[in-house]
Amino acid sequence: MSRTRTSDVLVIGGGIIGLVTAWRAAQRGLATAVVDPGPGGGAAQVAAGMLAAVTELHYGEQTLLGLNLASARRYPDFAAELTEQTGHDLGYRRCGTLAVALDADDRAHLRELHTLQQQSGLESQWLSGRECRRLEPMLAPGVRGGLRVDGDHQIDPRRLAGALVAACERAGVVFHRVWAERLTVVRDRATGVVTDDGTALDAGQVVLAGGSLSGRLAGVPEDVLPPVRPVKGQVVRLTMPRRHGPFLSRTVRAVVRGSHVYLVPRESGELVVGATSEELGWDTTVTAGGVYELLRDAHELVPGLTELPLTETRAGLRPGSPDNAPLLGPTGLEGLLLATGHYRNGVLLTPVTGDAMAHALATGELPEEARPFTPKRFSTATALTEQSA
Ligand code: GLY
(Lines give C-alpha, C1' and ligand atoms only; values in the text may rest on other atoms or scores of the structure.)
Protein backbone atom coordinates (compact mmCIF):
# COMPACT_ATOMS: atom_id res chain seq x y z
CA MET A 1 0.00 0.00 0.00
CA SER A 2 1.54 3.32 -1.06
CA ARG A 3 0.32 5.88 1.49
CA THR A 4 -2.40 6.76 3.95
CA ARG A 5 -4.56 9.91 3.95
CA THR A 6 -6.91 10.71 6.80
CA SER A 7 -10.14 12.73 7.17
CA ASP A 8 -13.08 12.97 9.57
CA VAL A 9 -15.51 11.97 6.81
CA LEU A 10 -14.83 10.08 3.59
CA VAL A 11 -17.64 10.07 1.02
CA ILE A 12 -17.54 7.28 -1.55
CA GLY A 13 -19.16 8.64 -4.71
CA GLY A 14 -19.06 12.16 -6.16
CA GLY A 15 -22.52 12.30 -7.73
CA ILE A 16 -24.89 14.99 -6.50
CA ILE A 17 -25.81 13.00 -3.36
CA GLY A 18 -22.19 12.40 -2.35
CA LEU A 19 -21.26 16.00 -3.16
CA VAL A 20 -24.09 17.58 -1.18
CA THR A 21 -23.22 15.34 1.77
CA ALA A 22 -19.56 16.37 1.57
CA TRP A 23 -20.39 20.07 1.19
CA ARG A 24 -22.76 20.15 4.16
CA ALA A 25 -20.34 18.07 6.30
CA ALA A 26 -17.46 20.44 5.49
CA GLN A 27 -19.66 23.42 6.38
CA ARG A 28 -20.04 21.86 9.83
CA GLY A 29 -16.27 21.91 10.29
CA LEU A 30 -15.65 18.22 9.50
CA ALA A 31 -12.49 17.50 7.48
CA THR A 32 -14.11 15.85 4.46
CA ALA A 33 -12.88 13.96 1.41
CA VAL A 34 -14.64 12.49 -1.63
CA VAL A 35 -13.38 9.50 -3.59
CA ASP A 36 -14.59 9.34 -7.20
CA PRO A 37 -12.72 9.26 -10.52
CA GLY A 38 -15.03 11.91 -12.02
CA PRO A 39 -16.77 14.08 -9.40
CA GLY A 40 -20.00 15.64 -10.68
CA GLY A 41 -20.68 12.72 -13.04
CA GLY A 42 -23.20 9.93 -12.60
CA ALA A 43 -26.96 9.99 -13.07
CA ALA A 44 -27.14 13.81 -12.80
CA GLN A 45 -25.55 14.01 -16.24
CA VAL A 46 -28.61 12.26 -17.67
CA ALA A 47 -31.49 13.35 -15.40
CA ALA A 48 -34.05 15.92 -16.54
CA GLY A 49 -34.16 17.65 -13.15
CA MET A 50 -37.90 17.76 -12.47
CA LEU A 51 -38.69 18.71 -8.86
CA ALA A 52 -41.95 16.80 -9.08
CA ALA A 53 -43.09 15.93 -5.55
CA VAL A 54 -46.75 16.41 -6.51
CA THR A 55 -46.97 15.08 -10.09
CA GLU A 56 -44.83 12.01 -9.25
CA LEU A 57 -46.96 11.07 -6.22
CA HIS A 58 -47.74 7.33 -6.07
CA TYR A 59 -50.10 5.26 -3.92
CA GLY A 60 -48.32 3.79 -0.92
CA GLU A 61 -45.53 6.39 -0.97
CA GLN A 62 -46.97 8.93 1.50
CA THR A 63 -43.93 8.69 3.80
CA LEU A 64 -41.63 9.44 0.90
CA LEU A 65 -43.95 12.32 -0.06
CA GLY A 66 -43.15 13.98 3.29
CA LEU A 67 -39.42 13.91 2.56
CA ASN A 68 -39.93 14.99 -1.07
CA LEU A 69 -42.02 17.99 0.05
CA ALA A 70 -39.49 18.91 2.74
CA SER A 71 -36.78 18.95 0.09
CA ALA A 72 -38.92 20.88 -2.45
CA ARG A 73 -39.55 23.57 0.20
CA ARG A 74 -35.80 23.91 0.75
CA TYR A 75 -34.94 24.30 -2.93
CA PRO A 76 -35.24 28.13 -3.24
CA ASP A 77 -32.85 28.79 -0.33
CA PHE A 78 -30.58 25.87 -1.28
CA ALA A 79 -30.25 27.09 -4.89
CA ALA A 80 -29.70 30.69 -3.76
CA GLU A 81 -26.97 29.64 -1.30
CA LEU A 82 -25.21 27.49 -3.88
CA THR A 83 -25.32 30.28 -6.47
CA GLU A 84 -24.17 32.84 -3.94
CA GLN A 85 -21.19 30.67 -2.93
CA THR A 86 -20.10 29.58 -6.39
CA GLY A 87 -21.44 32.11 -8.88
CA HIS A 88 -23.02 29.20 -10.82
CA ASP A 89 -26.49 29.61 -12.32
CA LEU A 90 -28.35 26.34 -11.60
CA GLY A 91 -31.12 26.80 -14.16
CA TYR A 92 -33.67 26.72 -11.32
CA ARG A 93 -37.09 27.51 -12.86
CA ARG A 94 -40.34 27.84 -10.95
CA CYS A 95 -42.25 27.24 -14.13
CA GLY A 96 -44.70 24.60 -12.90
CA THR A 97 -45.84 21.36 -14.50
CA LEU A 98 -48.82 20.29 -16.60
CA ALA A 99 -49.70 16.58 -16.56
CA VAL A 100 -52.07 15.82 -19.44
CA ALA A 101 -54.27 12.97 -20.64
CA LEU A 102 -54.56 11.87 -24.26
CA ASP A 103 -57.43 9.38 -23.96
CA ALA A 104 -60.20 8.30 -21.62
CA ASP A 105 -57.96 5.80 -19.75
CA ASP A 106 -55.28 8.44 -19.18
CA ARG A 107 -57.91 10.87 -18.01
CA ALA A 108 -59.29 8.38 -15.49
CA HIS A 109 -55.74 7.76 -14.25
CA LEU A 110 -55.12 11.51 -13.86
CA ARG A 111 -58.43 11.96 -12.05
CA GLU A 112 -57.30 9.33 -9.55
CA LEU A 113 -53.98 11.13 -9.11
CA HIS A 114 -55.88 14.37 -8.55
CA THR A 115 -57.99 12.73 -5.84
CA LEU A 116 -54.87 11.34 -4.16
CA GLN A 117 -53.21 14.76 -4.32
CA GLN A 118 -56.26 16.41 -2.75
CA GLN A 119 -56.42 13.75 -0.01
CA SER A 120 -52.75 14.46 0.67
CA GLY A 121 -53.37 18.21 0.97
CA LEU A 122 -51.44 19.04 -2.21
CA GLU A 123 -52.19 21.86 -4.60
CA SER A 124 -53.20 20.92 -8.14
CA GLN A 125 -55.89 22.18 -10.46
CA TRP A 126 -57.96 20.16 -12.95
CA LEU A 127 -58.10 21.71 -16.45
CA SER A 128 -60.11 20.85 -19.55
CA GLY A 129 -58.25 20.01 -22.77
CA ARG A 130 -59.01 23.48 -24.09
CA GLU A 131 -57.58 25.10 -20.93
CA CYS A 132 -54.43 22.97 -21.25
CA ARG A 133 -53.92 24.13 -24.83
CA ARG A 134 -54.50 27.73 -23.84
CA LEU A 135 -51.57 27.38 -21.41
CA GLU A 136 -49.41 25.40 -23.87
CA PRO A 137 -50.48 26.04 -27.48
CA MET A 138 -48.06 23.40 -28.88
CA LEU A 139 -50.05 20.59 -27.20
CA ALA A 140 -51.86 18.14 -29.48
CA PRO A 141 -55.51 18.99 -30.25
CA GLY A 142 -56.50 15.58 -28.80
CA VAL A 143 -55.45 16.41 -25.22
CA ARG A 144 -58.48 15.50 -23.06
CA GLY A 145 -57.66 17.30 -19.82
CA GLY A 146 -54.86 17.79 -17.38
CA LEU A 147 -53.55 18.74 -13.98
CA ARG A 148 -51.82 22.05 -13.45
CA VAL A 149 -49.26 21.90 -10.65
CA ASP A 150 -47.54 25.25 -10.23
CA GLY A 151 -45.46 23.99 -7.29
CA ASP A 152 -43.48 21.36 -9.26
CA HIS A 153 -40.39 23.16 -10.54
CA GLN A 154 -37.16 22.17 -12.31
CA ILE A 155 -33.39 22.56 -12.07
CA ASP A 156 -30.59 21.69 -14.50
CA PRO A 157 -28.85 18.70 -12.86
CA ARG A 158 -25.62 19.18 -14.84
CA ARG A 159 -25.34 22.73 -13.53
CA LEU A 160 -26.27 21.52 -10.04
CA ALA A 161 -23.46 18.94 -10.14
CA GLY A 162 -20.93 21.52 -11.37
CA ALA A 163 -21.95 23.97 -8.66
CA LEU A 164 -21.68 21.32 -5.95
CA VAL A 165 -18.13 20.43 -7.06
CA ALA A 166 -17.22 24.13 -6.88
CA ALA A 167 -18.92 24.54 -3.48
CA CYS A 168 -17.06 21.51 -2.11
CA GLU A 169 -13.72 22.87 -3.36
CA ARG A 170 -14.48 26.23 -1.78
CA ALA A 171 -15.39 24.53 1.52
CA GLY A 172 -12.06 22.65 1.57
CA VAL A 173 -13.31 19.19 0.58
CA VAL A 174 -10.43 17.04 -0.72
CA PHE A 175 -11.08 15.08 -3.95
CA HIS A 176 -9.39 11.74 -4.58
CA ARG A 177 -9.96 11.17 -8.31
CA VAL A 178 -9.75 7.36 -8.22
CA TRP A 179 -12.13 4.44 -7.65
CA ALA A 180 -12.78 3.15 -4.13
CA GLU A 181 -11.98 -0.55 -4.44
CA ARG A 182 -12.66 -1.98 -0.99
CA LEU A 183 -14.10 -0.83 2.33
CA THR A 184 -11.68 -1.29 5.20
CA VAL A 185 -13.22 -2.80 8.32
CA VAL A 186 -11.18 -3.11 11.50
CA ARG A 187 -12.68 -4.72 14.62
CA ASP A 188 -16.28 -4.34 13.40
CA ARG A 189 -15.83 -0.71 12.43
CA ALA A 190 -15.54 0.89 8.97
CA THR A 191 -12.27 2.84 8.94
CA GLY A 192 -11.86 3.92 5.31
CA VAL A 193 -11.25 2.50 1.86
CA VAL A 194 -8.44 1.22 -0.29
CA THR A 195 -8.47 2.80 -3.75
CA ASP A 196 -7.61 1.21 -7.08
CA ASP A 197 -4.16 2.84 -7.04
CA GLY A 198 -3.41 1.16 -3.72
CA THR A 199 -3.88 4.22 -1.50
CA ALA A 200 -5.43 3.70 1.93
CA LEU A 201 -7.86 6.49 2.80
CA ASP A 202 -8.71 6.44 6.50
CA ALA A 203 -11.63 8.29 8.05
CA GLY A 204 -13.56 8.61 11.28
CA GLN A 205 -16.79 8.00 9.31
CA VAL A 206 -17.39 6.64 5.83
CA VAL A 207 -20.46 7.53 3.72
CA LEU A 208 -21.34 5.17 0.89
CA ALA A 209 -23.05 7.35 -1.75
CA GLY A 210 -22.27 5.43 -4.90
CA GLY A 211 -25.70 5.63 -6.57
CA SER A 212 -26.63 2.42 -8.37
CA LEU A 213 -23.09 1.08 -7.71
CA SER A 214 -23.53 1.29 -3.92
CA GLY A 215 -24.34 -2.40 -3.55
CA ARG A 216 -21.11 -3.46 -5.30
CA LEU A 217 -18.33 -2.15 -3.04
CA ALA A 218 -16.08 -5.00 -1.92
CA GLY A 219 -15.53 -5.43 1.80
CA VAL A 220 -19.00 -4.24 2.89
CA PRO A 221 -20.47 -6.92 5.18
CA GLU A 222 -23.48 -8.68 3.61
CA ASP A 223 -25.97 -7.54 6.29
CA VAL A 224 -25.28 -3.82 5.68
CA LEU A 225 -24.81 -3.95 1.90
CA PRO A 226 -27.47 -1.59 0.49
CA PRO A 227 -30.19 -3.34 -1.55
CA VAL A 228 -29.95 -0.96 -4.51
CA ARG A 229 -30.25 -1.96 -8.14
CA PRO A 230 -29.75 -0.08 -11.41
CA VAL A 231 -32.91 1.06 -13.24
CA LYS A 232 -31.99 2.30 -16.68
CA GLY A 233 -33.44 5.53 -18.05
CA GLN A 234 -32.93 6.71 -21.60
CA VAL A 235 -33.32 10.41 -22.31
CA VAL A 236 -33.09 12.57 -25.45
CA ARG A 237 -32.27 16.25 -25.73
CA LEU A 238 -33.61 18.59 -28.41
CA THR A 239 -33.18 22.30 -29.06
CA MET A 240 -36.23 24.58 -29.10
CA PRO A 241 -36.54 27.55 -31.46
CA ARG A 242 -36.34 30.96 -29.80
CA ARG A 243 -38.33 32.76 -32.47
CA HIS A 244 -42.09 33.08 -31.74
CA GLY A 245 -42.43 32.93 -27.96
CA PRO A 246 -41.71 29.81 -25.90
CA PHE A 247 -42.12 26.40 -27.55
CA LEU A 248 -43.20 25.11 -24.13
CA SER A 249 -43.30 27.30 -21.03
CA ARG A 250 -43.52 24.58 -18.35
CA THR A 251 -42.81 20.89 -17.89
CA VAL A 252 -45.38 18.78 -19.75
CA ARG A 253 -45.86 15.13 -18.90
CA ALA A 254 -48.23 12.23 -19.48
CA VAL A 255 -48.60 8.49 -19.23
CA VAL A 256 -48.84 7.15 -22.79
CA ARG A 257 -49.73 3.43 -23.16
CA GLY A 258 -48.52 2.87 -19.59
CA SER A 259 -45.13 4.63 -20.00
CA HIS A 260 -44.23 7.95 -18.41
CA VAL A 261 -43.04 10.62 -20.80
CA TYR A 262 -42.02 14.12 -19.82
CA LEU A 263 -40.79 17.19 -21.68
CA VAL A 264 -38.70 19.61 -19.63
CA PRO A 265 -37.99 22.97 -21.34
CA ARG A 266 -34.98 24.92 -20.11
CA GLU A 267 -34.42 28.65 -20.41
CA SER A 268 -31.27 27.84 -22.42
CA GLY A 269 -33.47 26.40 -25.20
CA GLU A 270 -32.72 22.77 -24.32
CA LEU A 271 -35.72 20.43 -24.25
CA VAL A 272 -35.18 17.21 -22.29
CA VAL A 273 -37.48 14.30 -23.14
CA GLY A 274 -37.46 11.30 -20.81
CA ALA A 275 -37.44 8.67 -19.71
CA THR A 276 -37.57 4.94 -20.21
CA SER A 277 -37.56 2.70 -17.14
CA GLU A 278 -35.77 -0.59 -17.78
CA GLU A 279 -34.51 -3.30 -15.44
CA LEU A 280 -31.52 -4.43 -17.52
CA GLY A 281 -28.68 -4.55 -15.03
CA TRP A 282 -25.68 -2.37 -15.84
CA ASP A 283 -26.51 -1.83 -19.50
CA THR A 284 -26.35 1.85 -20.53
CA THR A 285 -26.75 1.39 -24.28
CA VAL A 286 -28.94 3.94 -25.99
CA THR A 287 -31.23 1.81 -28.13
CA ALA A 288 -33.17 2.62 -31.28
CA GLY A 289 -36.28 1.23 -29.57
CA GLY A 290 -35.84 3.41 -26.49
CA VAL A 291 -35.37 6.59 -28.51
CA TYR A 292 -38.21 5.63 -30.85
CA GLU A 293 -40.66 5.13 -27.97
CA LEU A 294 -39.71 8.41 -26.28
CA LEU A 295 -40.05 10.41 -29.48
CA ARG A 296 -43.26 8.61 -30.51
CA ASP A 297 -44.91 9.33 -27.14
CA ALA A 298 -43.57 12.90 -26.97
CA HIS A 299 -44.83 13.48 -30.53
CA GLU A 300 -48.32 12.41 -29.50
CA LEU A 301 -48.25 15.12 -26.83
CA VAL A 302 -46.52 17.85 -28.83
CA PRO A 303 -46.59 17.07 -32.58
CA GLY A 304 -44.34 20.04 -33.54
CA LEU A 305 -41.47 18.42 -31.66
CA THR A 306 -40.40 16.37 -34.67
CA GLU A 307 -39.18 19.59 -36.35
CA LEU A 308 -36.61 20.25 -33.60
CA PRO A 309 -32.90 19.41 -33.86
CA LEU A 310 -32.03 16.25 -31.89
CA THR A 311 -28.84 17.13 -30.03
CA GLU A 312 -28.16 14.27 -27.62
CA THR A 313 -29.22 10.79 -26.57
CA ARG A 314 -28.07 9.32 -23.27
CA ALA A 315 -28.84 6.54 -20.80
CA GLY A 316 -28.23 6.53 -17.05
CA LEU A 317 -28.90 4.30 -14.07
CA ARG A 318 -31.25 5.24 -11.24
CA PRO A 319 -30.39 3.69 -7.87
CA GLY A 320 -33.62 1.75 -7.21
CA SER A 321 -34.44 0.52 -3.70
CA PRO A 322 -37.01 -2.08 -2.55
CA ASP A 323 -39.51 0.59 -1.42
CA ASN A 324 -38.48 3.33 -3.92
CA ALA A 325 -37.20 5.48 -1.03
CA PRO A 326 -33.63 6.42 -0.13
CA LEU A 327 -31.40 4.81 2.50
CA LEU A 328 -30.00 7.54 4.73
CA GLY A 329 -27.78 7.57 7.80
CA PRO A 330 -25.99 5.12 10.08
CA THR A 331 -25.93 1.39 9.32
CA GLY A 332 -25.46 -1.62 11.57
CA LEU A 333 -21.69 -1.31 10.97
CA GLU A 334 -20.16 1.36 13.16
CA GLY A 335 -18.51 4.13 11.15
CA LEU A 336 -20.46 3.35 7.95
CA LEU A 337 -23.38 5.53 6.79
CA LEU A 338 -25.41 5.33 3.59
CA ALA A 339 -26.80 8.02 1.29
CA THR A 340 -28.16 6.06 -1.64
CA GLY A 341 -31.26 4.46 -3.17
CA HIS A 342 -32.83 7.77 -4.24
CA TYR A 343 -34.35 6.09 -7.32
CA ARG A 344 -36.49 8.62 -9.27
CA ASN A 345 -35.98 11.46 -6.78
CA GLY A 346 -32.24 12.08 -6.50
CA VAL A 347 -32.30 15.65 -7.80
CA LEU A 348 -35.39 16.58 -5.77
CA LEU A 349 -33.97 15.02 -2.58
CA THR A 350 -30.53 16.63 -2.82
CA PRO A 351 -31.12 19.51 -0.33
CA VAL A 352 -32.78 17.42 2.38
CA THR A 353 -30.22 14.63 1.95
CA GLY A 354 -27.34 17.06 2.52
CA ASP A 355 -28.96 18.38 5.68
CA ALA A 356 -29.90 14.94 7.04
CA MET A 357 -26.48 13.43 6.36
CA ALA A 358 -24.57 16.36 7.87
CA HIS A 359 -26.77 16.12 10.96
CA ALA A 360 -26.15 12.36 11.20
CA LEU A 361 -22.40 12.81 10.74
CA ALA A 362 -22.22 15.53 13.37
CA THR A 363 -24.56 14.00 15.98
CA GLY A 364 -24.78 10.27 15.22
CA GLU A 365 -28.57 10.57 14.75
CA LEU A 366 -30.82 11.27 11.78
CA PRO A 367 -33.11 14.29 12.13
CA GLU A 368 -36.78 13.42 12.76
CA GLU A 369 -37.89 13.90 9.12
CA ALA A 370 -35.29 11.42 7.82
CA ARG A 371 -35.72 8.67 10.43
CA PRO A 372 -38.14 6.56 8.36
CA PHE A 373 -35.36 6.24 5.77
CA THR A 374 -32.81 4.54 8.00
CA PRO A 375 -31.02 1.71 6.15
CA LYS A 376 -31.74 -0.43 9.20
CA ARG A 377 -35.31 -0.93 7.90
CA PHE A 378 -33.82 -3.52 5.50
CA SER A 379 -31.48 -5.30 7.90
CA THR A 380 -32.35 -8.88 8.81
CA ALA A 381 -31.85 -8.30 12.52
CA THR A 382 -34.28 -5.33 12.56
CA ALA A 383 -36.87 -7.24 10.53
CA LEU A 384 -36.73 -10.21 12.94
CA THR A 385 -37.04 -7.94 16.00
CA GLU A 386 -40.07 -6.20 14.45
CA GLN A 387 -41.70 -9.55 13.59
CA SER A 388 -41.36 -10.88 17.14
CA ALA A 389 -42.51 -7.61 18.78
N1 GLY B 1 -37.92 11.36 -11.93
C2 GLY B 1 -37.84 11.09 -13.28
C3 GLY B 1 -37.26 9.81 -13.67
O4 GLY B 1 -36.72 9.10 -12.84
O5 GLY B 1 -37.35 9.46 -14.82
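In each ligand, atom 1 is the first atom listed, and ligand 1 is the first ligand listed. Both backbone and side-chain heavy atoms feed into the values below; hydrogens, waters and symmetry mates do not.
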Check your understanding: atom 4 (O) of ligand 1: which protein heavy atom is closest, and how many Å away?
Key -> Arg318 NE, 2.7 Å
Practice item. Walk me through it: do Glu84 and Arg170 pass the test salt bridge (charged side-chain N to carboxylate O under 4.0 Å, His left out)? Key: CA-CA 12 Å; Glu84 194 258 317; Arg170 194 169 176 273; over 6 Å; no
**Study point:** Element-labelled atoms of ligand 1 that are located less than 4.0 Å from some non-hydrogen atom of Ala275
**Key:** 5 (O)
Check your understanding: Which bit of Tyr262 gets closer than 4.0 Å to ligand 1, counting heavy atoms only: side chain, backbone, both or neither?
Key -> side chain
Revision key, fill the gap. Quick look: His260 vs ligand 1, heavy-atom contacts under 4.0 Å, and the answer is neither
Exercise for review: Mark up the atoms of ligand 1 that fall under 4.0 Å of a heavy atom belonging to Glu56, in ascending order.
Suggested key: 1 (N), 2 (C)
Check your understanding: With no hydrogens and no angle check, do the side chains of Thr353 and His342 hold a donor and an acceptor under 3.5 Å apart?
Key -> yes
Check your understanding: Can Arg74 and Glu369 be counted as an ion pair, charged N to O under 4.0 angstrom?
Key -> yes
Practice item. May I ask you to decide whether Glu300 forms a salt bridge with Arg257, counting only side-chain N to carboxylate O separations under 4.0 Å? Key: yes
**Study point:** Nearest protein heavy atom with distance in Å, relative to atom 1 (N) of ligand 1
**Key:** Arg344 O, 2.8 Å
Review point. Taking atom CD1 of Ile16 and atom OG1 of Thr350, what is their separation to the nearest 0.5 Å?
Key: 3.5 Å
